[in-house]
Amino acid sequence: MNFGEAQGTITDKDFIFKVSLVVKELKESINSLKILDYIKEGDNDKRSKLLIEVEQLIAISSKMILNKK
């Protein structure tokens, strides 16, 4: 997992790079969840909760990047 790798970085630049990868993967997850929502696959309530959680993780990760700059 990229976040685990980010925690072990030595430089701020490397940390920012690794967490940026986390944000990118989370955004890909949002796209996948939206596709699942569009085709009505799985439980609607679970998809909604996952979408909210992924959005929160993006906000947290983005704030971590801003704090390191």
Side-chain angles (χ1 to χ4, degrees):
M1 175 178 208
N2 287 323
F3 185 74
E5 291 177 21
Q7 290 178 314
T9 59
I10 296 173
T11 66
D12 287 347
K13 184 177 178 180
D14 195 28
F15 178 84
I16 290 168
F17 174 74
K18 300 274 182 166
V19 177
S20 295
L21 291 177
V22 170
V23 171
K24 180 182 174 192
E25 290 180 4
L26 288 168
K27 287 180 179 180
E28 290 175 7
S29 295
I30 284 179
N31 289 333
S32 297
L33 287 167
K34 287 181 178 179
I35 290 169
L36 291 173
D37 192 50
Y38 180 76
I39 63 172
K40 307 287 190 242
E41 183 64 34
D43 183 77
N44 185 43
D45 188 48
K46 287 181 183 179
R47 284 193 315 269
S48 296
K49 288 179 181 178
L50 284 171
L51 189 58
I52 291 167
E53 187 169 336
V54 171
E55 289 171 346
Q56 291 172 344
L57 289 170
I58 288 172
I60 292 167
S61 299
S62 297
K63 185 67 172 177
M64 291 170 67
I65 291 170
L66 290 174
N67 288 339
K68 284 288 185 178
K69 288 185 175 181

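Just the heavy atoms: all of them, side chains too, but no hydrogens, waters or symmetry mates, feed the values below.
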### Query
Can you find a heavy atom in the side chain of K18 that is under 4.5 Å from one in the side chain of V22?
no
### Message
If the condition is salt bridge (charged side-chain N to carboxylate O under 4.0 Å, His left out), which residues does K24 pass it with, not counting sequence neighbours?
### Response
none
Could you tabulate the donor-acceptor pairs under 3.5 Å formed by side-chain atoms of residues 49-60, not counting sequence neighbours?
| residue | atom | partner | partner atom | Å |
| --- | --- | --- | --- | --- |
| K49 | NZ | D45 | OD2 | 3.3 |

### Message
Quick check for you: to the nearest 0.5 Å, what is the distance between D14 atom CG and F17 atom CZ?
### Response
8.0 Å
### Query
Nearest 0.5 Å, what's the CG-CD1 distance between L66 and I16?
9.0 Å
#### Entry: Between OG on residue S62 and CG on residue N67, distance to nearest 0.5 Å
11.0 Å
### Message
Can you tell me how far apart OG (S32) and CD (E25) are? Round to the nearest 0.5 Å.
### Response
11.5 Å
### Task
Starting at OG of S20, measure out to CE of M64 and round the result to the nearest 0.5 Å.
11.0 Å
### Message
Please check: side-chain N/O of R47 versus main-chain N/O of G42, any donor-acceptor pairing under 3.5 Å?
### Response
yes
## Note on the structure
Contacts of E41 meeting side chain to side chain contact (heavy atoms under 4.5 Å, CB included) (sequence neighbours excluded), chain-then-number -> L36, I39
## Note on the structure
d(D37 CG, I30 CD1) to nearest 0.5 Å is 12.5 Å
